[in-house]
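Working notes, beginning with the structure itself.
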Amino acid sequence: MKDLIGLSKDELAGELSLLGEKPFRAKQLWQWIYFKGETSFDNMTNLSKELRGKLQQHYYIGRPKIVTEQLSSDSTRKWLLEFADGERIETVYIPEEDRGAVCISTQVGCAVGCKFCHTGSQKITRNLTAGEIVSQFMTARDTYGEWPSPTNETRYLSNIVVMGMGEPLHNREQVFKALKIISDGDGIAISKRRITLSTSGIAPHIEAVASELGVKLAISLHAPTNEKRSLIMPINHRYPIEAVLTACQKYQAIMGMSRMITFEYLMLKDFNDTPEDAKQLISLMKQYNLGAKFNLIPFNPWPGCNFAPSSNNKVHAFSKLLESAGYEAPIRVARGQDILAACGQLKSKLS
Ligand code: SAH
Ligand code: SF4
């Protein structure tokens, strides 16, 4: 038995041609799966009984097992999901007033090992498949009953942030395949402008985020100099700031300067939060002439981590300095902290 979730449109057509079916059947099936969210072949009324029978024999439309589902006091929701081999990841929904973002994971654990990140303390177990990535979003839609795919204006699950567990550009092939399925207009139809891929800066793969995918880009920068960045993000030895920002220029050359790149900057007490750090950051940005904005992230603590969040005063002063240099620099409001669902807190195994 084979799971149909995660097959590209062409692959789905290939499977149907193996069953002796015409290509338009693949389109119908695609719509049932990704537009209507149907999981039972029996309900696919415009397919012949014979075809439904054949499909049932060879395929299924999978969802991960929901191990736990937690609701935060601020309405953030977190699912602990389990795949066929027993591996687990977390997916989070962060509602805003009239819309919301689903934060999806791309790996079990993460090899990058950033010192401030709970996922990074877990090491890498394996990459997720495209099907496992797409099905996280589908599970969220199941929970909110948001099928068939609503029009843009009426969606609660309106955005996707690839900011869960794992480094998406360490799993480029499957992540790209998944995001192509998710953004396909005949199915789930989340527009590429509403999808943001966040990376710790795997420089050689950044340009492809524009050339192959066309989704929004966020870079986890977190420090203004290589010296500091290397202390908290070991990946910086391999891909230093210059390599990352040069890759960002290539991204923007394809997407256009108006497609801002978001630089995430974690505010760590007594580490990277002084006016001097802000000034260094500004001159770095000017040097590369990027269409950039910042997102200042308060550090979210987790058991066993030694970092502490910067004081509110320091974060506000930092934000003001960036703004006076012409950069947007909002301070992110941490969501779902009471259920360890905030950025950097996800971890599927207890240690
Ligand atoms: N691996 C990718 C995407 C997942 S992490 C990346 O690093 O960009 C998503 C975001 O959460 C990143 O900006 C990351 O730096 C941030 N983050 C990690 N640990 C955090 C913590 N303890 N508090 C706040 N943000 C954190
Ligand atoms: Fe991996 Fe991102 Fe966490 Fe770094 S911040 S360890 S890249 S998930």
Side-chain angles (χ1 to χ4, degrees), residues 6-14 30 34 101-107 110-112 127-134 136-137 152 158-222 233 235-236 238-264 284-285 287-295 327-328:
L7 297 185
S8 68
K9 251 182 177 168
D10 286 348
E11 287 169 343
L12 190 65
W30 182 273
Y34 293 116
V102 179
C103 175
I104 57 179
S105 294
T106 55
Q107 298 182 307
C110 183
V112 178
N127 283 334
L128 296 186
T129 63
E132 288 167 339
I133 296 166
V134 174
Q136 294 173 54
F137 185 75
N152 272 326
S158 58
N159 291 51
I160 291 186
V161 289
V162 186
M163 292 188 186
M165 300 167 60
E167 168 46 57
L169 297 184
H170 273 167
N171 184 17
R172 169 172 155 184
E173 197 184 316
Q174 296 299 310
V175 170
F176 281 22
K177 190 176 179 196
L179 295 181
K180 283 177 192 165
I181 293 171
I182 286 173
S183 57
D184 184 282
D186 297 326
I188 294 173
I190 301 285
S191 128
K192 288 177 176 173
R193 289 177 173 273
R194 292 178 177 272
I195 300 176
T196 304
L197 185 146
S198 172
T199 176
S200 58
I202 314 300
H205 298 299
I206 288 176
E207 186 178 354
V209 177
S211 61
E212 275 186 42
L213 263 186
V215 301
K216 285 162 71 175
L217 178 66
I219 301 284
S220 295
L221 192 60
H222 304 327
M233 300 179 73
I235 194 81
N236 195 67
R238 184 114 186 249
Y239 306 118
I241 292 178
E242 299 75 41
V244 176
L245 297 186
T246 304
C248 286
Q249 288 176 324
K250 292 182 186 159
Y251 169 93
Q252 220 146 39
I254 296 170
M255 299 296 289
M257 281 294 272
S258 62
R259 194 67 87 83
M260 296 274 198
I261 297 171
T262 303
F263 287 90
E264 292 157 290
L284 184 67
M285 284 297 140
Q287 194 187 331
Y288 284 85
N289 194 28
L290 291 162
K293 59 182 180 184
F294 290 92
N295 210 334
Y327 297 102
E328 281 177 51

Nearest non-hydrogen partners of Ile254 and Ser211, listed with the distance: CD1-CB, 3.9 Å

Nearest-0.5 Å distance, NZ of residue Lys177 to CZ of residue Arg172: 15.0 Å

Ile241 side, atom CD1; Ile219 side, atom CD1 - distance, nearest 0.5 Å: 11.5 Å

Donor-acceptor contact present, side-chain Asn295 to main-chain Thr262, <3.5 Å: no

Which atom of Ala203 lies closest to which atom of Ala247, heavy atoms considered: O-CB, 3.6 Å

Within-4.5 Å side-chain heavy-atom neighbours: Leu169 and Val209: yes

Backbone N/O of Met165 and side chain of Gln107: donor-acceptor pair under 3.5 Å: no

Shortest non-hydrogen contact from Pro168 toward Val175: O-CG2, 3.6 Å

OG1 on Thr199 to CD1 on Ile235, rounded to 0.5 Å: 8.0 Å

Stepwise side chain to side chain contact (heavy atoms under 4.5 Å, CB included) test for Ile182 and Tyr34: CA-CA 8 Å; Ile182 286 173; Tyr34 293 116; over 6 Å; no

Shortest non-hydrogen separation from Val215 to Tyr251 and the atoms involved: O-OH, 2.7 Å

Minimum-distance pair of heavy atoms, taken over all atoms of Ser198 and Met163: CB-CG, 3.5 Å

Minimum heavy-atom distance Leu221-Met233, with the two atoms named: O-SD, 3.8 Å

Val102 and Ile190: CA distance, side-chain angles, deciding distance, side chain to side chain contact (heavy atoms under 4.5 Å, CB included) verdict: CA-CA 11 Å; Val102 179; Ile190 301 285; over 6 Å; no

Stepwise side chain to side chain contact (heavy atoms under 4.5 Å, CB included) check, His170 with His205: CA-CA 9 Å; His170 273 167; His205 298 299; over 6 Å; no

Separation of Ile261 CD1 from Gln252 CD (nearest 0.5 Å): 4.0 Å

Distance in Å, Leu245 CG paired with Ile206 CD1, rounded so as to fall on 0.5 Å steps: 8.5 Å

NZ (Lys192) with more than 12 external heavy atoms under 6.0 Å: yes

Geometric class of the Phe294/Phe263 ring pair [parallel <30°, tilted 30-60°, perpendicular >60°]: tilted

Side chain to side chain, Leu213 and Ile195, heavy atoms closer than 4.5 Å: no

Under 3.5 Å side-chain donor-acceptor pair for Glu167 and Thr106: no

Student check: side-chain heavy atoms of Arg194 and Ile160 closer than 4.5 Å: no

Nearest-0.5 Å distance that lies between atom CE in Met255 and atom SG in Cys248: 12.5 Å

Derivation of the side chain to side chain contact (heavy atoms under 4.5 Å, CB included) call for Lys180 and Ser8: CA-CA 8 Å; Lys180 283 177 192 165; Ser8 68; over 6 Å; no

With Asp184 via side-chain hydrogen bond (donor to acceptor under 3.5 Å, both in side chains) - residues at least two apart: Lys9, Trp30

